[in-house]
Undergrad: 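Take a look at this one; I'll ask things after.
Sequence lines set the chain letters: A, B, ... in the order given, protein chains first and strands last, and positions in each chain run from 1.
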Number of protein chains: 2
Amino acid sequence: MPQTPNTQTTNAPSPVPTSADVARLAGVSRATVSYVLNNAEAVRISEPTRRKVRDAAEELGYVPHAAARSLRAGHTRIVLLPTSNVLAGPLHGAFLNELQWALRRLDYTVVQYGSLGLTGDEAARAWAELRPVAVISLGDIVLCARNVATLKRAGARAVITLGPGRVPGAHALVMDQAAVGAKAAAHLVERGRRRIGVVVPQEEGLGFFSEPRLAGARSVASAEVEPLPLAHTEESAAALAARWPSLGLDGVFAYNDEYAMLLMRALQDAGLRVPEDVAVIGADDLLIGRLLRPRLSTVQIEMPTGDHLAALVDRAVREPSHFTERHDLMTAVAVRREST
Amino acid sequence: MPQTPNTQTTNAPSPVPTSADVARLAGVSRATVSYVLNNAEAVRISEPTRRKVRDAAEELGYVPHAAARSLRAGHTRIVLLPTSNVLAGPLHGAFLNELQWALRRLDYTVVQYGSLGLTGDEAARAWAELRPVAVISLGDIVLCARNVATLKRAGARAVITLGPGRVPGAHALVMDQAAVGAKAAAHLVERGRRRIGVVVPQEEGLGFFSEPRLAGARSVASAEVEPLPLAHTEESAAALAARWPSLGLDGVFAYNDEYAMLLMRALQDAGLRVPEDVAVIGADDLLIGRLLRPRLSTVQIEMPTGDHLAALVDRAVREPSHFTERHDLMTAVAVRREST
DNA sequence: TTGAAAGCGATACCAG
DNA sequence: CTGGTATCGCTTTCAA
């Protein structure tokens with residue numbers, strides 16, 4: 001940055017206090033400061049000295065430099081959580097909060113890194129620069145084996161994917177979205193439907209969930225499945241409803257409860273009766289489903305608790321080898337209400 | 001971590017390739033590697049050398065170490081975005097995505113840092129450790145002047161708060177939630193209501209939005225305002241609906257459209273007519289509001305675009321002094337549908 | 001009990 | 001055009 005001719009050998013006189021500043025003010029060495037502030041047990045520091053150091057740090061408003069610390073340490077405690085803020089994903093905010101809490105209790109630094117629109121390669125590089133100790137890929141980005149290798153080479157002791165888990169080298173926490181689609185389709189079949197539409201959201205970042213759900217529905221024999229692209233807008237839903245009669249469908253799995261609500265309303269406005277003319281089922285068991293009339297049938301997904309997942313991550317970090325490759329963490333069950 | 005007796009002076013032989021490894025493989029010096037990989041314009045490197053370096057980096061899967069780089073540089077390009085993943089906040093996922101995109105285009109590294117449950121002091125310290133160049137506090141954490149000072153001392157060139165903007169030292173982007181409440185209450189008054197309930201969500205992390213909204217409603221003369229605590233559950237809504245008659249209210253501002261949907265359903269189930277017996281208005285103009293029957297009146301909030309906000313952040317970083325203290329970024333307008 | 005010093009990885013000066 | 005080297009802030013071994 002050739003903005004100001006820098007007369008000094010170093011950068012602009014950094015006003016940010018370092019441990020050296022604390023040491024100077026306290027009249028001790030930097031080593032002592034480090035010992036005191038990190039409560040080092042290996043070394044015994046006299047109480048007066050501790051006080052002096054603490055007071056000095058307080059007075060200067062000293063905050064340690066995470067980058068310098070982890071550079072020296074050779075590793076970080078960063079758990080990278082790449083997430084797009086897509087609405088209507090099956091990862092509820094509450095779950096993410098829980099997970100963050102649990103990880104923080106285990107002394108990890110949780111960093112959410114927005115990666116929407118990056119390719120797997122770009123994302124993996126960007127993540128690797130931060131040298132995270134673990135990466136929990138929630139599925140916005142599709143990783144390949146090479147990406148996992150990049151991350152591992154950069155020091156990641158655990159690369160965890162939530163999904164069918166086909167990525168070689170990654171720890172897989174199986175959250176089989178296909179099962180969701182399968183349960184939904186099976187439920188519709190059970191209710192006497194055969195020609196089943198499956199909503200595929202057009203919004204970016206949902207493909208990782210919607211594709212397996214569609215595939216799962218397809219896997220149900222005795223069901224004839226028709227993919228239905230749908231954007232999260234009234235217009236899109238109305239258009240779909242308008243051509244509904246020509247589709248000849250008697251049931252629909254609407255990806256999740258939000259899209260189900262949207263579609264169900266459009267169908268009703270188009271004069272179709274739910275569930276008589278068409279049965280509708282959502283997924284994720286959102287609160288809104290129970291507020292609709294007819295009440296929305298849904299596929300309920302049992303998520304692991306944040307604590308549980310955090311513990312798993314911690315174990316993977318400590319003992320990468322002892323981590324069994326696959327963990328089943330999700331069960332899906334269809335809940336019948338009034339729309340099917 | 002006294003797990004393994006370390007026989008080496010350094011840590012475990014780091015398998016992660018450094019620029020020195022690249023240099024060795026390419027048969028050049030580390031300086032040259034740095035020049036090539038950063039496309040340094042100040043020096044001219046021969047094409048064959050560039051190729052050798054690039055190939056070596058590729059072969060080793062070299063990824064630069066962000067911590068080392070920023071330590072050397074004396075500053076980072078990190079924009080910290082502390083967010084809780086609260087559902088139903090007025091900051092839609094789409095907005096956050098937009099903002100991240102825009103900031104990334106400006107070459108910032110956007111880091112979302114979950115801070116739910118931390119106090120202002122704890123959060124400020126934790127954030128400061130990362131030495132972010134800017135912090136955009138979305139309101140989950142209430143910062144005081146001292147916290148802002150901590151961040152600035154740690155190198156933050158811009159601390160931006162979205163809200164009424166009373167934090168001294170911080171750049172304020174005024175997103176006056178009070179105006180939302182005021183518009184809602186005014187709308188209800190206009191529709192002939194006088195005794196108005198205002199829903200206050202009991203969920204953690206929403207107080208920053210709900211309190212100003214309540215205060216805004218209170219600011220409307222000729223309206224008698226009653227706060228109504230409500231959790232985001234059917235039970236809570238049913239309980240509130242059950243004691244509704246005893247409250248003697250003829251209108252309600254339900255915090256946002258989600259809570260409005262919840263409450264409206266409960267009121268209807270309790271036999272009340274909307275809007276005849278009670279007028280209901282939400283906020284945020286979510287899609288669900290238009291899918292309800294009666295269609296939900298709402299307060300529409302005009303958000304700044306992500307690009308706009310990103311540009312503002314960039315300017316604040318480059319010229320902290322030229323940044324005018326307050327920017328009005330939000331306008332709110334009541335939209336009448338059928339529920340009022 | 002405390003201090004001096006090495007070194008983590010990357011960059012940018014200054015010599016050659 | 002390229003190589004040696006000092007430096008960023010912090011931790012930790014070794015000596016005093």
Undergrad: In whole angstrom, what separates Asn39(B)'s CG from dT11(C)'s P?
TA: 12 Å
Undergrad: Rounding to a whole Å, what distance do you find between Leu130(A):CG and dG9(C):P?
TA: 16 Å
Undergrad: Give a yes or no on whether a donor-acceptor pair under 3.5 Å exists between the nucleobase atoms of dT1(C), that is its base, and the side chain of Arg44(A).
TA: no
Undergrad: What about Tyr35(A): does its side chain form a donor-acceptor pair under 3.5 Å with the base of dC10(D)?
TA: no
Undergrad: Which part of the nucleic acid, if any, lies within reach of Val28(A) when heavy atoms closer than 4.0 Å are counted: base, sugar-phosphate only, or nothing?
TA: sugar-phosphate
Undergrad: Which nucleotide sits closest to the side chain of His65(B): dG9(D), dT2(C), dA10(C)?
TA: dA10(C)
Undergrad: Figure out the CG/C1' separation between Leu37(A) and dT2(C), and round it to whole Å.
TA: 15 Å
Undergrad: If you measure from CD1 on Ile141(A) to CD on Glu122(A), what distance do you get to the nearest 0.5 Å?
TA: 8.5 Å
Undergrad: Applying side-chain contact (heavy atoms from CB on, under 4.5 Å) to Glu59(B) and Leu25(B), what does each step give before you reach the verdict?
TA: CA-CA 9 Å; Glu59(B) 183 180 336; Leu25(B) 182 58; 3.9 Å; yes
Undergrad: Counting heavy atoms from C-beta on, name the nucleotide in dT11(C), dT2(D), dT2(C) closest to the side chain of Arg69(B).
TA: dT11(C)
Undergrad: Looking at dT11(C), I'd like to know if its phosphate oxygens (OP1 or OP2) sit under 4.0 Å from a side-chain N or O belonging to Asn38(B).
TA: yes
Undergrad: Can you check the His75(B) NE2 to dA12(C) C1' distance for me, whole Å?
TA: 13 Å
Undergrad: Measure CZ/Arg77(B) against C1'/dA10(C) and give the value in whole Å, please.
TA: 18 Å
Undergrad: One pair to check against side-chain contact (heavy atoms from CB on, under 4.5 Å): Gln100(A) and Leu103(A). What are the steps and the verdict?
TA: CA-CA 5 Å; Gln100(A) 297 211 13; Leu103(A) 285 171; 5.9 Å; no
Undergrad: Let me know the distance between CZ of Arg50(A) and C1' of dT1(C), rounded to the nearest Å.
TA: 12 Å
Undergrad: Going from CZ on Arg104(B) to CZ on Arg77(B), what distance comes out if it is rounded to the nearest 0.5 angstrom?
TA: 14.0 Å
Undergrad: Looking only at side-chain N and O atoms, does Thr32(B) come under 4.0 Å of OP1 or OP2 in dG3(D)?
TA: yes
Undergrad: Between Leu71(B) and Arg30(B), which is nearer to the 5' end of DNA chain D once each is assigned its nearest nucleotide?
TA: Arg30(B)
Undergrad: Quick check on DNA chain D: between Ser46(B) and Ala68(A), whose nearest nucleotide comes earlier from the 5' end?
TA: Ser46(B)
Undergrad: Among dC1(D), dC8(C), dC8(D), which is the nearest nucleotide to the side chain of Arg72(B)?
TA: dC8(D)
Undergrad: Please report the distance, rounded to the nearest Å, between CD in Glu47(B) and C1' in dT2(D).
TA: 16 Å
Undergrad: Taking only side-chain nitrogens and oxygens of Ser19(B), does any of them come within less than 4.0 Å of OP1 or OP2 of dA10(C)?
TA: yes
Undergrad: Does the side chain of Thr150(B) come under 3.5 Å of the side chain of Trp127(B) through a donor N or O and an acceptor N or O?
TA: no
Undergrad: Could you check Ile160(B) against Val135(B) for side-chain contact (heavy atoms from CB on, under 4.5 Å), going step by step and ending with a plain yes or no?
TA: CA-CA 6 Å; Ile160(B) 295 171; Val135(B) 177; over 6 Å; no
Undergrad: Given dT2(C), dG9(C), dG3(D), identify the nucleotide with an atom nearest to the side chain of Thr18(B).
TA: dG9(C)
Undergrad: Let me know the distance between CD of Glu41(B) and P of dC1(D), rounded to the nearest Å.
TA: 14 Å
Undergrad: Scan Ser70(A) against the nucleic acid and name what it touches under 4.0 Å (heavy atoms): base, sugar-phosphate only, or nothing.
TA: nothing
